[in-house]
Amino acid sequence: MPAGPEAQPRTLLFHKPYGVLSQFSPEPGSRWRCLADFIPVPGVYAAGRLDADSEGLMLLTAHGRLQQRLTDPAFGHWRTYWVQVEGDVDQRPEALAQLRRGVPVQGRLSRPARVRPLPDPGLPARQPPIRERASIPVSWLELQLQEGRNRQVRRMTASVGLPTLRLIRVAIDLMDGEPPLQLAGLDPGQWRPLHSQEEQRLQRLLRHSPGRGGRAGGGKSGQAGGGG
């Protein structure tokens, strides 16, 4: 979805497909694509990354304070993920209880998570397809986190014996009492500017936030506030 030269958005939502880096510049020798292959908007950066082998909702902005507000763990914005795992989650209530309490991730205990079994959401098959083993059942979780460390979701599910097969971020909660920003309505590789109501919500968010940032950036990949 291109934008005209006089209507370049400063904040947008993007459905990142599998195999795409959360940065605009390619990595030398990498097989992954980058954001520049999909988003012809200069000066925007990811407010929370997703790993190349993850999919789903990203918010990109030219507002440095907004990027900082949405990625700083101190503000605790809930991010919702749909996670396909090896194993039957309905038969593993103790594993879900561990995730809710927190599990060790890179030497530190994760924050308590919200987690529940999720009926198969019936998503289109990923390309390339998931490698499933006929002898091992697969199931889905809805997992909500308030932090985003390197490959956190995968590390968390693996630690309780439910290895992640597919990971999709579906929502970002602005914590303003209104519905979260949603992935719904965006096909893989598609982006859109924020609606006027969404822009107004973000402006209100900034008015009630301490100023600690300026120009957007966060490195090539905007690494804070990820988790996927």
Side-chain angles (χ1 to χ4, degrees), residues 14-36 38 44-61 64 66-87 95-96 98-115 126 128 130-131 140-173 181 183 212-213 216-228:
F14 175 55
H15 184 161
K16 191 188 86 64
Y18 177 89
V20 177
L21 297 167
S22 295
Q23 60 191 52
F24 280 88
S25 55
E27 292 287 352
S30 173
R31 62 192 175 100
W32 305 121
R33 303 177 72 183
C34 65
L35 296 177
F38 300 88
V44 294
Y45 297 87
R49 69 187 295 276
L50 286 169
D51 293 314
D53 53 354
S54 299
E55 309 161 63
L57 184 64
M58 293 183 66
L59 185 147
L60 296 99
T61 183
L66 177 60
Q67 185 191 41
Q68 184 271 330
R69 177 66 167 79
L70 292 176
T71 57
D72 189 335
F75 294 108
H77 289 278
W78 290 100
R79 287 167 167 76
T80 302
Y81 301 88
W82 289 352
V83 191
Q84 186 182 34
V85 298
E86 280 192 347
L96 304 193
Q98 284 180 269
L99 293 172
R100 293 187 186 104
R101 291 192 300 267
V103 295
V105 175
Q106 296 178 298
R108 290 189 292 127
L109 198 65
S110 65
R111 289 189 180 188
R114 297 171 178 170
V115 58
R126 196 194 74 184
I130 299 295
R131 293 181 181 178
W140 287 84
L141 291 172
E142 181 179 88
L143 182 66
Q144 294 181 305
L145 299 177
Q146 289 182 296
E147 60 182 343
R149 290 185 248 161
N150 181 44
R151 298 185 75 77
Q152 179 164 349
V153 172
R154 288 180 171 82
R155 293 176 191 273
M156 289 178 67
T157 65
S159 75
V160 298
L162 296 169
T164 292
L165 297 172
R166 188 177 183 186
L167 176 58
I168 304 144
R169 184 195 286 155
V170 296
I172 300 171
D173 194 342
L181 301 176
L183 180 65
R212 283 194 279 169
K220 287 196 295 183
S221 55
Q223 292 190 5

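Source: prediction; values computed, not measured. When reading the values below, keep in mind they use all heavy atoms of this one structure, side chains included, and skip hydrogens, waters and symmetry mates.
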Asker: Measure the CG-OG1 distance between L143 and T157 for me, rounded to the nearest 0.5 Å.
Answerer: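 Rounded to the nearest 0.5 Å, the CG-OG1 separation comes to 8.0 Å.
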Asker: Angle class for the F14/F38 ring planes (parallel below 30°, perpendicular above 60°, tilted otherwise)?
Answerer: tilted
Asker: What are the two closest heavy atoms between L96 and V115, and how far apart are they?
Answerer: O-CG1, 3.5 Å
Asker: Using the side chain to side chain contact (heavy atoms under 4.5 Å, CB included) criterion, which residues pair with Q84? Sequence neighbours excluded.
Answerer: I130, E132, V138, W140, L165, R166
Asker: Contact between Q146 and D173 at the side-chain level, heavy atoms closer than 4.5 Å - yes or no?
Answerer: no
Asker: Can you give me the closest heavy-atom contact between E55 and P17, atom names plus distance?
Answerer: CG-C, 4.3 Å
Asker: Is a side-chain donor or acceptor of K16 paired with a backbone partner of I168 at a separation under 3.5 angstrom?
Answerer: no
Asker: With H15, which residues qualify under side-chain hydrogen bond (donor to acceptor under 3.5 Å, both in side chains), at least two apart?
Answerer: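 So H15 forms no side-chain hydrogen bond (donor to acceptor under 3.5 Å, both in side chains) with any residue.
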Asker: Going by side-chain hydrogen bond (donor to acceptor under 3.5 Å, both in side chains), name the residues that satisfy it together with E86, two or more places apart in sequence or in a different chain.
Answerer: R133
Asker: Is R149 close to R108 at the side-chain level, that is, under 4.5 Å between some pair of heavy atoms?
Answerer: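 A side-chain contact under 4.5 Å exists here.
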Asker: Taking side chain to side chain contact (heavy atoms under 4.5 Å, CB included) as the definition, give me every residue that meets it alongside A36, ordered by chain and number, with sequence neighbours left out.
Answerer: F24, C34
Asker: To the nearest 0.5 Å, tell me how far H77 NE2 sits from R69 CZ.
Answerer: 3.5 Å
Asker: Taking the side chain as everything from C-beta on, heavy atoms only, tell me whether Y81 gets closer than 4.5 Å to L50.
Answerer: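 Yes. Closest side-chain heavy atoms under 4.5 Å.
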Asker: Please answer whether the main-chain N or O of L145 pairs with a side-chain N or O of R111 as donor and acceptor at a distance below 3.5 Å.
Answerer: no
Asker: Less than 4.5 Å apart, side chain to side chain, heavy atoms only: is that true for L162 and V83?
Answerer: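 Heavy-atom side-chain distance check fails, nothing below 4.5 Å.
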Asker: Rounded to the nearest 0.5 Å, what separates atom CD in Q68 from atom OG1 in T61?
Answerer: 12.5 Å
Asker: Could you tell me which non-hydrogen atom of M156 sits nearest to which non-hydrogen atom of S159, and how far apart they are?
Answerer: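 So the minimum-distance heavy-atom pair works out to O-OG, 2.7 Å.
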Asker: Which atom pair, heavy atoms only, marks the closest approach of G48 to T71?
Answerer: N-CG2, 3.4 Å
Asker: In chain order, what residues pass the salt bridge (Lys or Arg N to Asp or Glu O under 4.0 Å) check against R126, with sequence neighbours excluded?
Answerer: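 Counting only residues at least two positions away or on another chain, R126 forms no salt bridge (Lys or Arg N to Asp or Glu O under 4.0 Å).
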Asker: Mind listing the closest non-hydrogen atom pair of L35 and L60 along with its distance?
Answerer: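 Closest pair (atom of L35, atom of L60, distance): CD1-CD2, 3.6 Å.
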Asker: Could you tell me the separation between the CD atom of E142 and the CH2 atom of W82, rounded to the nearest 0.5 Å?
Answerer: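 Between atom CD of E142 and atom CH2 of W82 there are 7.5 Å.
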Asker: Just how far is it from atom CD of Q152 to atom CD of E147, taken to the nearest 0.5 Å?
Answerer: 4.0 Å
Asker: To the nearest 0.5 angstrom, please state how far the CG atom of L21 sits from the CZ atom of R31.
Answerer: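 It comes to 10.5 Å.
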Asker: Which residues pass the side chain to side chain contact (heavy atoms under 4.5 Å, CB included) test with D51, sequence neighbours left out?
Answerer: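 If we apply the side chain to side chain contact (heavy atoms under 4.5 Å, CB included) test to D51, skipping adjacent residues, the hits are R49, D53, S54, N150, R151, R154.
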Asker: Do L57 and T80 make a side-chain contact, defined as non-hydrogen atoms from C-beta onward lying under 4.5 Å apart?
Answerer: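 L57 does not reach T80 side chain to side chain.
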Asker: Grab the two heavy atoms, one from Q98 and one from V103, that are nearest each other, plus how far apart they are.
Answerer: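 Minimum heavy-atom contact is O-CG1, 3.6 Å.
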Asker: The criterion is side-chain hydrogen bond (donor to acceptor under 3.5 Å, both in side chains); which residues satisfy it with S110, sequence neighbours excluded?
Answerer: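 By the side-chain hydrogen bond (donor to acceptor under 3.5 Å, both in side chains) rule, S110 matches no residue at all.
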Asker: List for me each residue that meets ring-ring contact (aromatic ring centres under 6.0 Å, His included) alongside W78, sequence neighbours excluded, and say none if there are none.
Answerer: none
